[in-house]
Each structure stands twice: as structure tokens, then as C-alpha cells.
Chemist: 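One structure is given below, represented as C-alpha cells, and several questions about it will come after.
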Amino acid sequence: KQYYHNRKMSILEYNGAAVIAMAGKDCVGIASDNRLGIQYQTVAMDFKKVFKMNDTLFVGLAGLATDVQTLDQLLRFRMNLYELREERTMTPQVFTNLLSNILYEKRFGPYFAEPVVAGLDEKGSPYLATMDLIGAIETTKDFVVSGTCDGNLYGMCETLYKPDLGKEELFETLAQALLASVDRDALSGWGGVVHIITKEGVMSRELKGRQD
Amino acid sequence: MGDSAYSFSLTTFSRTGKLLQIEYALNAVANGRTALGIAAVDGVVIATDKKFASALVEGEDVSKVEAITDSSGFVYAGVGPDYRVLVRKARKSAQAYFREYRETKPVAQLVKSTASVMQEYTQSGGVRPFGVSLLVAGIDGDGVPRLFQVDPSGAYFGWKATAIGKNYVNAKNFLEKRFQDDMELEDAIHTALLTLREGFEGEMNGHNIEVGVVSKSDGKFRLLTPEQIQDYLDEAN
């Protein structure tokens with residue numbers, strides 16, 4: 001049976017998403033939900049929205065799923081060429097500017113995605129950035145959020161966030177902030193995934209949440 | 001560039017496998033005024049002579065040594081107007097890079113893209129190769145001083161020290177004898193001036209040579225003023 005939906009949903013809400021990133025002590029964490037929907041119908045519970053660019057750089061993309069996937073491919077393409085040409089790894093700052101440029105190129109027909117960049121810079125310090133769908137950059141020291149429940153995410157972060165958390169505490173904080181936020185949003189949820197990035201490596205864990 | 005009437009390249013292979021237009025371009029370079037560069041452990045210096053045909057020429061506002069980014073610069077030997085086209089293209093390309101990445105374009109990338117432009121002009125319709133060889137000097141974020149030469153063919157080479165233009169053979173021999181791996185920038189500037197003097201006709205002073213320097217201490221490419229050049233010359237005497 002088909003579900004009939006008559007209110008026009010904003011294109012950024014069509015598939016649903018929740019993405020969050022936080023800075024800890026010499027580490028960053030980035031997390032997302034797993035839902036892929038077509039308006040109110042859930043279609044997948046394992047849809048990837050956080051992508052590893054290299055061992056110290058992750059990007060999370062919230063928005064229209066096709067653009068999420070296309071941007072992942074484009075970013076990988078551009079990064080690979082850069083690393084071949086310049087014989088060095090891309091820093092998070094340069095990556096953020098590149099992404100901003102890619103988005104602005106489509107200023108009058110944009111990619112419907114709002115990204116979150118999380119990584120460690122060359123000195124090993126946490127780097128966080130977010131931007132809107134046309135590439136306006138905002139860098140912060142504490143946390144960045146994006147998605148259909150971004151209001152909820154902001155509220156949870158403001159409440160739960162403390163600076164200089166260790167990687168285990170950062171994981172807990174991210175997980176709690178994400179799960180509580182998506183539970184009040186019909187369009188995001190169905191579990192989640194968290195990545196904690198340190199100089200030593202990346203720790204990734206699946207989150208068990210309400211499957212509704 | 002392919003113009004409507006000339007969709008074929010003017011640079012074509014001879015039977016012996018040479019691209020004669022490039023050979024001839026290199027001749028134009030070899031007839032040009034000498035330019036040289038030295039990469040020291042803490043910086044790079046490039047220099048050229050600026051002799052004019054007549055004492056009536058006002059040369060103060062015309063420069064051969066040009067900055068491309070904050071931390072890199074060019075000098076040339078060969079056809080001046082061709083050089084200025086390359087400087088303009090290189091500057092634009094460096095700014096486009098900065099717009100994309102918010103980082104200064106590294107010297108090696110600058111060299112690759114300039115060399116690529118020069119190569120295009122050996123394989124495009126209706127154009128001739130550039131009649132210049134470039135010396136590119138700069139320091140990247142990693143603090144390593146770099147000196148490159150780019151030829152009309154688009155071939156590029158990294159150098160510790162080199163010379164191009166008139167008298168380049170003698171100049172290079174002189175440099176080979178004087179160059180040391182642990183040379184510092186101050187010594188390199190002196191050596192550069194001494195090398196220039198070898199082939200210089202007449203009296204060298206701060207107004208008839210140009211010197212560009214990029215030092216590891218601040219990573220900025222700058223031209224020495226005529227007064228500064230004169231000071232170095234006086235020290236050398």
C-alpha cells in the first residue's frame with residue numbers, strides 16, 4: 001500500500017539525517033544516524049553519512065542522499081589528485097576550503113547537503129568545521145552539528161559538552177547527544193555510528209538505538 | 001590555443017627527432033642577459049643583470065625579477081615580453097589555487113603548471129614556444145628552499161645553483177667551484193654577485209643588476225633595493 005503525503009517536504013529533509021562532531025583532548029569524534037528514508041517511509045537502516053578521507057580526516061554529510069554520495073565521490077576524487085600532485089596529505093583546513101569551493105561552484109543550483117568536517121591538524125590538534133549548502137564555513141572549538149534534527153543536536157551538545165574529554169568520555173557524550181536528539185525526530189534515527197579519531201588511530205562503534 | 005586558420009601545430013618534428021622551434025627558442029635564451037640562482041640552506045637568491053642599451057633609458061620601474069606569490073619569484077633569460085605573459089599566468093594560477101585551498105601555492109606546483117603552459121605552446125595550433133627560460137625560487141610551508149629552471153620545451157629541473165642566458169657556461173663553472181651544500185643565504189648572495197660580475201661588461205652597481213631573495217626566517221620573497229645591492233657589492237670589494 002502506498003503512503004500518500006500531501007505536504008511538500010523541504011528537499012533537505014527528504015531523506016533525513018543527523019550528523020554531529022565534537023572536539024576532545026587531542027582527539028575528535030564524529031557520529032551520524034543510520035536512517036535513509038523517502039519522506040516518511042524508511043528504506044534503509046545502514047545508510048552511511050560519515051566518510052573517512054584519511055586516517056585523521058572525516059567528513060559527515062547531511063541532506064539529500066544522492067548529493068551525500070556524490071560529494072563523497074567528488075571529495076575523494078579531488079583529494080586523491082591533490083595527494084598525487086603535491087605528494088603530501090591534505091590538511092583539514094585545506095579540505096574544508098576545497099569543499100566550500102566545490103559547493104559554491106554550484107551556487108545557483110546547489111548540492112543539497114550540509115557537511116561537517118572533523119579531523120586532526122598537522123600538529124595533532126582537533127579541527128572542526130561546518131558549512132551550509134553553498135559553502136559558508138564556520139570553524140569551532142567545541143562541536144558542530146547538521147541534519148533534520150539540528151536544533152535537538154545543538155541543545156544536547158550545549159548541555160552535555162565539556163572541553164578536553166578523553167576518547168572514551170567523548171564517545172559517551174557523542175552517543176548520548178545523538179541518540180537523544182534523533183528520538184524526537186521522525187526523519188532520523190534507526191541506530192547510529194561513532195568514530196573517535198586520535199593520533200594512534202580510529203575507533204569506530206555502532207550504536208544501538210530505538211528502531212523507529 | 002587553436003585559431004580558426006591554424007589548427008595545426010607550428011612545432012613539428014624534424015627527421016632526426018628534434019623539435020627545431022624549441023632548439024631555436026633555446027638559442028634565443030642563450031642570447032639573453034645572464035640570470036642565475038643559488039639555493040642555500042636557509043634561503044634562495046636569484047639575480048640578473050639589467051644593462052640597458054643607452055644611458056637615457058629610465059629603468060627603475062621595469063623589473064625582471066618578479067614575485068609570483070608571497071614566497072616565490074621568477075627571473076628569466078630570453079624574450080622579455082614572452083616572460084611577462086608567463087608571469088601574469090603564473091600569478092593568476094597562484095591566486096586561483098589560493099581561492100580553492102586557502103593555502104599558498106607550493107613552488108613545485110607553480111613550476112609544474114608553468115611548465116605545462118610552456119609545453120602547451122609547443123603542441124597547439126598557430127602558436128610558437130615561449131622564448132624564455134625561467135628560474136623559479138621559493139620556500140614552501142615546509143621551510144625547504146627550492147630553485148627550479150623551466151625551459152621553452154616545458155622541461156623543468158631542480159637545481160642547487162645554476163645560470164642561464166649569455167655566458168651561462170662560464171657562470172655555471174664558477175658556481176660549481178664556489179657552491180657548497182652548507183652555504184648560507186648571505187654567502188649565496190655574495191657568490192651570486194661575484195658570478196654575475198664575471199661576465200659583466202663595465203661597472204656593476206645597485207642600479208644595473210636585480211636581486212631577488214627569499215629567506216627561511218620569514219618565508220617572504222623580496223627584491224633587494226639598489227642601496228642593499230650596493231652594500232653587498234661594497235662588501236665584496
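First the proteins, then the strands, lettered A, B, ... as listed; each starts at 1. No experiment lies behind these values; they were computed from the predicted model shown.
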Chemist: Please say whether more than 12 non-hydrogen atoms of neighbouring residues, nucleotides or ligands are located less than 6.0 Å from CD in Gln123(B).
Modeler: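 Incorrect, the count does not exceed 12.
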Chemist: Can you tell me if NZ on Lys167(A) sees more than 12 non-hydrogen neighbours from other groups inside 6.0 Å?
Modeler: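 12 or below, so no.
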Chemist: Mark yes or no for whether Glu86(A), through its side chain, and Gln109(B), through its backbone, hold a donor-acceptor pair below 3.5 Å.
Modeler: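 Side chain of Glu86(A) to backbone of Gln109(B), a donor-acceptor pair under 3.5 Å: no, none is there.
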Chemist: Near Phe8(B) CZ, under 6.0 Å, is it more than 12 heavy atoms from other residues, nucleotides or ligands?
Modeler: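 Correct, the count exceeds 12.
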Chemist: Side chain, backbone, both or neither: which part of Phe98(B) has a non-hydrogen atom closer than 4.5 Å to chain A?
Modeler: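 Neither; nothing under 4.5 Å.
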Chemist: If I measure from the heavy atoms of chain B, does Thr91(A) come under 4.5 Å with its side chain, its backbone, both, or neither?
Modeler: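 Contact with chain B is through the side chain of Thr91(A) alone.
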Chemist: With a 4.5 angstrom heavy-atom cut-off, is it the side chain or the backbone of Tyr82(A) that approaches chain B, or both, or neither?
Modeler: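 Interface part for Tyr82(A): side chain.
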Chemist: Are the side chains of Ser100(A) and Arg102(B) in contact, using a 4.5 Å heavy-atom criterion?
Modeler: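 Contact flag for Arg102(B)/Ser100(A) side chains = no.
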Chemist: Take a 6.0 Å sphere around OH of Tyr97(B) and say whether it holds more than 12 heavy atoms from other residues, nucleotides or ligands.
Modeler: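 Buried by this count: over 12 neighbours within 6.0 Å.
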Chemist: So for atom NZ, which belongs to Lys112(B), do other residues, nucleotides or ligands contribute more than 12 heavy atoms lying within a distance under 6.0 Å?
Modeler: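 Yes, enclosed.
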Chemist: Between Asn97(A) and chain B, which part of the residue has a heavy atom less than 4.5 Å away: side chain, backbone, both or neither?
Modeler: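 Contact with chain B: backbone and side chain both.
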Chemist: Which atoms of Glu103(B) come close to chain A, meaning under 4.5 Å heavy atom to heavy atom: side chain ones, backbone ones, both, or neither?
Modeler: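 Side chain only.
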Chemist: Are there over 12 heavy-atom neighbours, none belonging to Glu138(A), within less than 6.0 Å of that residue's CD?
Modeler: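 12 or below, so no.
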